[in-house]
Student: 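Questions regarding the structure given below will be posed in turn.
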Amino acid sequence: MRSRLSSLFPVLSGLAAGFLVAGPLAPIAHAQAPGGPPPKVTVAKPVVREIVEQDQYTGRFEAIENVEVRARVTGYLEKINFIDGQNVKKGDLLFVIDRRPYKAALEQAQAALASAKARQSFSQTDLERAQTLSRSGNISEQVTDQRRQASLTAQADVDSAQAALNNAQLNYDFSEVKAPVNGRISRRLVTEGNIVSADQTMLTTIVSLDPIWFSFTVDEKSFLKYQNSLGIGMGQTQQGKGVPIMISLSGEAKPTRKGTLDFVDNRVDNATGTILLRATVPNADQFIKPGLFGIVAMPATKPFQGVLIPDEAVAANQDKRVVYVVGPDNVIQQKDVVLGPKVDGYRVIRSGLKGDETLVVNGVARIRPGAKVTPETIELPPSKT
């Protein structure tokens with residue numbers, strides 16, 4: 001046993017000597033060479049220009065005119081005169097209900113009116129004859145009064161027959177169902193040969209598409225802000241002085257549709273604490289359909305000179321937001337800022353910058369306050385989007 005340990009001793013001694021040599025040299029291999037060049041960063045001045053801050057709300061498109069087309073007389077549906085989903089104009093013939101019963105009723109009413117007019121003409125002539133005889137004393141006043149009453153009754157019969165004829169004419173006209181508005185028609189809900197009931201059977205629907213409404217709600221605090229800054233809700237929106245807005249559809253990166261805010265409701269909803277706003281949006285290509293969702297960009301301020309920087313230039317310091325400014329001798333200085341919304345791809349700076357500073361816009365993670373950098377200057381475009 002002792003001879004074995006004696007034989008291992010030279011090996012262990014050699015390993016220990018190796019560790020003693022390698023220990024002090026290992027850190028030297030990973031140490032950064034002192035006196036290296038300052039890190040390179042990209043710097044630029046903020047974009048300063050006139051902007052309008054905007055708030056975003058989700059809303060829904062609505063048809064200005066939305067009509068449920070119903071039968072106004074009872075009968076068998078004889079003909080359908082449109083293709084499902086086509087555009088129609090006001091007055092276009094859509095459905096024909098069997099007209100024969102209503103034509104017969106119309107002719108009967110015409111005959112009844114002619115008969116009533118004949119009786120009225122005879123009674124009027126009879127009254128005039130009685131009045132002539134009464135002046136010569138050849139007929140009594142009682143007979144004259146009777147003939148006057150008969151003439152008045154005959155005139156009332158004429159008026160009644162005329163009303164019945166008007167009603168028969170209406171029913172006959174209603175047997176042809178015509179488009180009440182311009183717009184796009186839906187599918188037929190009843191096929192030919194079925195019986196339809198007056199004021200009950202819905203035949204189809206028509207919605208107008210151009211222009212179209214966009215409705216959304218805003219909270220009470222925001223509404224008061226808009227009322228103070230933009231004057232909405234003070235009556236001018238209903239007088240052709242609407243506020244311009246922009247709307248983006250689902251899946252769109254930025255707004256593509258222009259509209260005009262032209263209606264503000266007259267009360268705040270007690271249950272939700274919101275108020276309804278509505279804009280009119282041109283839709284000449286009829287791309288937008290009622291019921292679609294959209295996001296409206298609502299102007300929240302009047303135009304003002306804003307300081308804009310890219311989001312990449314903003315760093316976090318605990319609960320604060322900071323930017324790094326290149327000072328004298330290219331030494332980094334830290335400044336606290338208060339952020340606003342995004343406008344044209346840039347972040348609005350509410351406070352903390354004047355707009356003439358030189359900021360680090362790329363390479364923020366490689367620097368710290370008080371460090372020296374090697375700046376590479378670029379010019380930011382007016383808009384990032």
Side-chain angles (χ1 to χ4, degrees), residues 59-118 156-215 249-250 257 263 278 280-294:
R60 188 188 291 272
F61 289 97
E62 302 173 0
I64 295 178
E65 294 177 310
N66 185 354
V67 180
E68 294 181 348
V69 181
R70 296 181 182 272
R72 302 185 69 175
V73 293
T74 298
Y76 285 93
L77 188 60
E78 187 176 86
K79 185 178 181 182
I80 299 176
N81 202 40
F82 67 90
I83 300 173
D84 292 353
Q86 77 175 71
N87 288 334
V88 296
K89 295 181 179 179
K90 184 177 182 179
D92 285 353
L93 180 62
L94 304 178
F95 300 91
V96 178
I97 298 170
D98 187 4
R99 310 192 79 189
R100 292 172 296 177
Y102 299 102
K103 184 177 181 181
L106 176 61
E107 293 172 347
Q108 184 178 6
Q110 290 171 339
L113 176 60
S115 176
K117 285 183 176 180
D157 290 341
V158 169
D159 295 339
S160 177
Q162 182 64 58
L165 175 61
N166 293 340
N167 185 61
Q169 183 68 56
L170 278 176
N171 289 334
Y172 182 73
D173 293 340
F174 288 156
S175 62
E176 288 187 339
V177 181
K178 299 181 179 180
V181 296
N182 298 330
R184 178 167 292 179
I185 198 166
S186 181
R187 62 185 178 89
R188 62 196 74 188
L189 301 178
V190 181
T191 56
E192 295 175 358
N194 285 286
I195 191 168
V196 296
S197 301
D199 301 324
Q200 295 182 10
T201 305
M202 187 165 70
L203 304 175
T204 188
T205 59
I206 301 175
V207 295
S208 63
L209 295 177
D210 183 29
I212 195 169
W213 280 336
F214 182 81
S215 298
L249 303 178
S250 298
R257 299 282 173 164
F263 172 76
R278 191 187 69 202
T280 300
V281 182
N283 189 30
D285 59 357
Q286 299 186 1
F287 183 80
I288 304 173
K289 303 298 187 293
L292 287 177
F293 282 98

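Since we're looking at a predicted model, the values are computed, not measured.
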Student: Distance-only, no hydrogens or angles: does the Asn283 side chain make a donor-acceptor pair with backbone N or O of Pro211 under 3.5 Å?
Tutor: no
Student: With respect to Ile97, which candidate in Val196, Thr201, Thr74 satisfies the side chain to side chain contact (heavy atoms under 4.5 Å, CB included) definition?
Tutor: Val196
Student: Kindly indicate whether the side chain of Leu189, heavy atoms from C-beta on, has any atom under 4.5 Å from the side chain of Arg187.
Tutor: yes
Student: Quick test of your reading of the model: are Arg257 and Asp285 salt-bridged, counting only N-O distances below 4.0 Å?
Tutor: yes
Student: Below 4.0 angstrom, N of the basic side chain to O of the carboxylate: do Arg70 and Asp199 qualify?
Tutor: no
Student: Show your reasoning for whether salt bridge (charged side-chain N to carboxylate O under 4.0 Å, His left out) applies to Lys178 and Asp92.
Tutor: CA-CA 5 Å; Lys178 299 181 179 180; Asp92 285 353; over 6 Å; no
Student: Got a sec: does the NZ of Lys289 have more than 12 other heavy atoms crowding it under 6.0 Å?
Tutor: yes
Student: Within the 4.5 Å heavy-atom criterion, are Ile288 and Leu209 side-chain neighbours or not?
Tutor: no
Student: Check whether any side-chain N or O of Arg60 sits under 3.5 Å from a backbone N or O of Leu292 as a donor-acceptor pair, and report yes or no.
Tutor: no
Student: Roughly how far apart are Glu65 CD and Lys90 NZ, rounded to 0.5 Å?
Tutor: 8.0 Å
Student: Could you go through Phe82 and Phe95, starting from their C-alpha distance and side-chain angles, then the distance that decides it, and tell me whether this counts as ring-ring contact (aromatic ring centres under 6.0 Å, His included)?
Tutor: CA-CA 8 Å; Phe82 67 90; Phe95 300 91; 5.2 Å; yes
Student: Would Arg99 and Glu78 count as a salt bridge (charged side-chain N to carboxylate O under 4.0 Å, His left out) here? Give the steps.
Tutor: CA-CA 9 Å; Arg99 310 192 79 189; Glu78 187 176 86; over 6 Å; no
Student: Any side-chain heavy-atom pair from Phe214 and Arg278 closer than 4.5 angstrom?
Tutor: no
Student: Between NZ of Lys117 and CG of Asp157, what distance do you get to the nearest 0.5 Å?
Tutor: 13.5 Å
Student: Any donor-acceptor pair under 3.5 Å linking the side-chain atoms of Gln286 with those of Arg184?
Tutor: yes
Student: So, do Ile64 and Ile212 sit near enough that their side-chain heavy atoms are less than 4.5 Å apart?
Tutor: no
